[in-house]
2 protein chains.
Amino acid sequence: MQQLLIQIRQFSTISNETEELLHNCFEQVVYPKNHQLVTEAAVCRHLYFVEKGALRGYYTLDGKEITHWFGFENDFVTSFHSFITQEPAVENIQLLEGSILWSISKDTLTSLFNNHPEIERIVRIAYEKYYIRLEERYVNAQFKTAAERYEQLLNDSPHILERVPLGQIASYLGISQETLSRIRSRL
Amino acid sequence: MQQLLIQIRQFSTISNETEELLHNCFEQVVYPKNHQLVTEAAVCRHLYFVEKGALRGYYTLDGKEITHWFGFENDFVTSFHSFITQEPAVENIQLLEGSILWSISKDTLTSLFNNHPEIERIVRIAYEKYYIRLEERYVNAQFKTAAERYEQLLNDSPHILERVPLGQIASYLGISQETLSRIRSRL
DNA sequence: GAAACTTTTTGACAAACATCAAAACTCAAC
DNA sequence: GTTGAGTTTTGATGTTTGTCAAAAAGTTTC
C-alpha cells in the first residue's frame, strides 16, 4: 500500500485525510500466473495498481492474439475503454507472472470523485501522463521501421524483453515473430 | 461562444456560475488560411476550441511533413504534449482554412483548476474521451492494412477527405501519396 | 483561353515485411 | 541423459508498400 501512495504522490500533493481514504478504498488481490483478469465481452469494473508482477492486454484479430500493452510494477492497469464507458471490453488482460495487485471498483472511484476534488485532480493528471505516453507510442508505431521500434524498446524498457516471450513482444511491436527474430540476429 | 458551452455541457453538467466564468476566460481569435498557430520548438501556451474552420498538426521527419491529426468544428486543439508539460513543442499546428477559434491560456486554466473543481472534472472527462479515441487510432494504425485504414476514414470522417489535400491524408494514414492514390483507384 | 503552377495518377523497380514449413535450441520431468 | 513440449531461428517465396520519374488532370493568373 505504501508503494501505491508513493506513486500517487508523484501525480499531485495529497492530504493525510485523502491518503487515509485511499487506504480504505483499495483492496489487495493476489492471482497466479496465467489468471485472466479481464475477459473480452465482459464489462471491466475495476482499476488495478501493480505492486508486484507482470500483465499484458491483448485482443484477437483473424484468430491471432495481438498484445498491445504490458504492465509491470507501479503501473495502473485496466481495460480503459471498458472501465471508462462500462461497455463490454474488447480486450483480455492476463497475468504473465503471479502478481500482487491493489484493486478499486468503478463505483468506489465515482463516489470518490463526487466527494473529493483532490482525487479528481490526481486522475486528471494521471490521464495527462498516460495520454502523452500513448501519443509517443502512436507516432513510433506508425512512422518508424520495425528495427527502430525494437531498438527503442531495448532502450526504454529492457525489462519487458527479459520477462515476456518473443511472440508477444513481436505482436506488441506490430511485426511477426520471425521478423523480430531476424532483427535481433542482425544486432 | 454558445457553441463552446454546448460542447462542454456534453462532458459534464455545469452550473450557471461556471458558464459565466468560462465566458470570461475564453477569448475569440480569428486567423487566415495557412497561419501557423503553434511552431516547433516554441512552448505552446494556449488551448483552442474550433468554432469554424480546419487545422492540422504535423511534424517533420527525414525532411518530410507528417500530418498526425486534423481538427474541425467543435474540436479542442493544441500541442497537447507541449501544453501539458510546457516544454517546447515537437509539432506544428497550421490552419487549413481561415478559422474562428476560442483560446484560453495555460495560466488561466491552471487557476480555474485551483478554484473550481467543476472545471477539473470537465477536463478529466474530456481526457477520458480523447484517450479512448487515441487508443482506437493506435490499434488501427498498427494492425490494419493501409486500405482498411482508408476505408475506416471514409466511414468515420468523410469530411476530412473533402477538405484536405491527398498528400496530407496519406501521411495521416501512414502511407505514401502514391499508395493512397492506388487504393482509391481500386475502389 | 494560354501559361504557369499545383495536385493527383500511373509505371517500373526496390525494400520491408509476412507466411509457411522445417530445423535448432531450451528446459523441465522422468 | 533422454524424452517431449514449448520457444526461437533459419530458409524460400509472395505480398504490400515505398521511391523515383514522368504523365495527366485540375487551378489560378493574366
Side-chain angles (χ1 to χ4, degrees), chain A residues 32-35 54 56 58-68 70 94-98 138-154 158-187, chain B residues 32-34 54 56 58-68 70 94-98 137-154 158-187:
Chain A
K33 181 171 173 169
N34 292 328
H35 175 81
R56 68 172 180 132
Y58 70 93
Y59 55 95
T60 322
L61 196 73
D62 304 331
K64 280 175 300 189
E65 286 185 5
I66 309 277
T67 298
H68 65 123
F70 296 105
Q94 186 187 44
L95 300 222
L96 295 172
E97 306 170 356
Y138 174 71
V139 169
N140 275 337
Q142 197 164 20
F143 303 112
K144 298 207 171 160
T145 65
E148 285 170 328
R149 297 202 294 279
Y150 177 71
E151 288 190 73
Q152 178 122 22
L153 187 69
L154 210 61
H159 58 283
I160 295 187
L161 297 163
E162 285 153 22
R163 294 168 78 175
V164 178
L166 207 66
Q168 289 176 18
I169 293 169
S171 84
Y172 175 77
L173 290 172
I175 55 180
S176 71
Q177 171 163 326
E178 292 91 331
T179 298
L180 178 54
S181 175
R182 288 182 179 108
I183 287 169
R184 301 212 307 174
S185 72
R186 263 182 257 138
L187 296 180
Chain B
K33 181 170 175 171
N34 292 327
R56 67 173 182 133
Y58 70 94
Y59 55 93
T60 322
L61 196 73
D62 304 330
K64 279 174 300 187
E65 285 185 4
I66 309 279
T67 297
H68 65 125
F70 296 104
Q94 186 188 44
L95 300 223
L96 295 171
E97 306 171 356
R137 271 197 65 200
Y138 174 72
V139 168
N140 275 337
Q142 198 164 19
F143 303 112
K144 298 208 170 159
T145 65
E148 285 170 330
R149 298 202 294 280
Y150 177 72
E151 288 190 74
Q152 180 123 20
L153 186 70
L154 210 60
H159 58 284
I160 295 188
L161 297 164
E162 284 154 21
R163 293 167 79 174
V164 178
L166 207 66
Q168 290 177 16
I169 292 168
S171 84
Y172 176 77
L173 291 171
I175 56 179
S176 70
Q177 172 163 324
E178 292 91 331
T179 299
L180 178 54
S181 175
R182 288 182 181 109
I183 288 169
R184 300 212 308 173
S185 73
R186 263 183 257 138
L187 297 180

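Every chain is numbered from 1 and lettered A, B, ... according to where its sequence line falls, protein lines coming before strand lines.
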- Quick one: on DNA chain C, does A147(A) or T179(B) contact a more 5' nucleotide (nearest heavy atom)? T179(B)

- Closest non-hydrogen atom pair, A146(A) against I175(A):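 In terms of heavy atoms, the two residues are closest at CB-CG2, 3.4 Å.
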
- Message: It should be established whether S176(B) places a side-chain nitrogen or oxygen under 4.0 Å from OP1 or OP2 of nucleotide dT17(D).
- Response: no

- Query: Under 4.0 Å between a side-chain N or O of K64(A) and OP1 or OP2 of dA18(C)?
  - Reply: no

- Message: Keeping Q168(A) on the side-chain end and P165(A) on the backbone end, is there a donor-acceptor pair under 3.5 Å?
- Response: no

- Message: So, taking the atom named CG in L161(A) and the one named CG in L180(A), what distance separates them when rounded to the nearest 0.5 Å?
- Response: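 Rounded to the nearest 0.5 Å, the CG-CG separation comes to 8.0 Å.
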
- From R184(B) atom CZ to Y150(B) atom OH, the distance as rounded to the nearest 0.5 Å: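 Interatomic distance, R184(B) CZ to Y150(B) OH, rounded to 0.5 Å: 4.5 Å.
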
Interatomic distance where [atom1] belongs to [X] and [atom2] belongs to [N] [whole Å]:
X	N	atom1	atom2	result
L180(A)	dT9(D)	CG	P	8 Å
K144(B)	dT16(D)	NZ	P	17 Å
L166(B)	dA25(D)	CG	C1'	13 Å
R186(B)	dT9(C)	CZ	P	13 Å
Q177(A)	dG6(D)	CD	C1'	11 Å
I66(B)	dG18(D)	CD1	P	10 Å
Q168(B)	dT6(C)	CD	P	15 Å
R184(B)	dA25(D)	CZ	P	15 Å

- Please tell me which of the listed nucleotides, dT9(C), dT17(D), dT9(D), lies nearest to the side chain of A146(B)? dT17(D)

- Please tell me which of the listed nucleotides, dG18(D), dT9(D), dT9(C), lies nearest to the side chain of I175(B)? dG18(D)

- Those residues that, when tested against H35(A), pass side-chain contact (heavy atoms from CB on, under 4.5 Å) (two or more places apart):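 By the side-chain contact (heavy atoms from CB on, under 4.5 Å) rule, H35(A) matches Y31(A), P32(A), L37(A), L95(A).
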
- Is there a side-chain contact between Q152(B) and N140(B) (heavy atoms, below 4.5 Å)?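 Yes - at least one pair of side-chain heavy atoms lies under 4.5 Å apart.
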
For nucleotides 21-25 of chain C, which of its nitrogen or oxygen atoms have a protein nitrogen or oxygen under 3.5 Å away, and what is each distance?
none

- Task: Could you walk me through whether Y172(B) and R137(B) pass side-chain contact (heavy atoms from CB on, under 4.5 Å), step by step?
- Result: CA-CA 11 Å; Y172(B) 176 77; R137(B) 271 197 65 200; 3.3 Å; yes

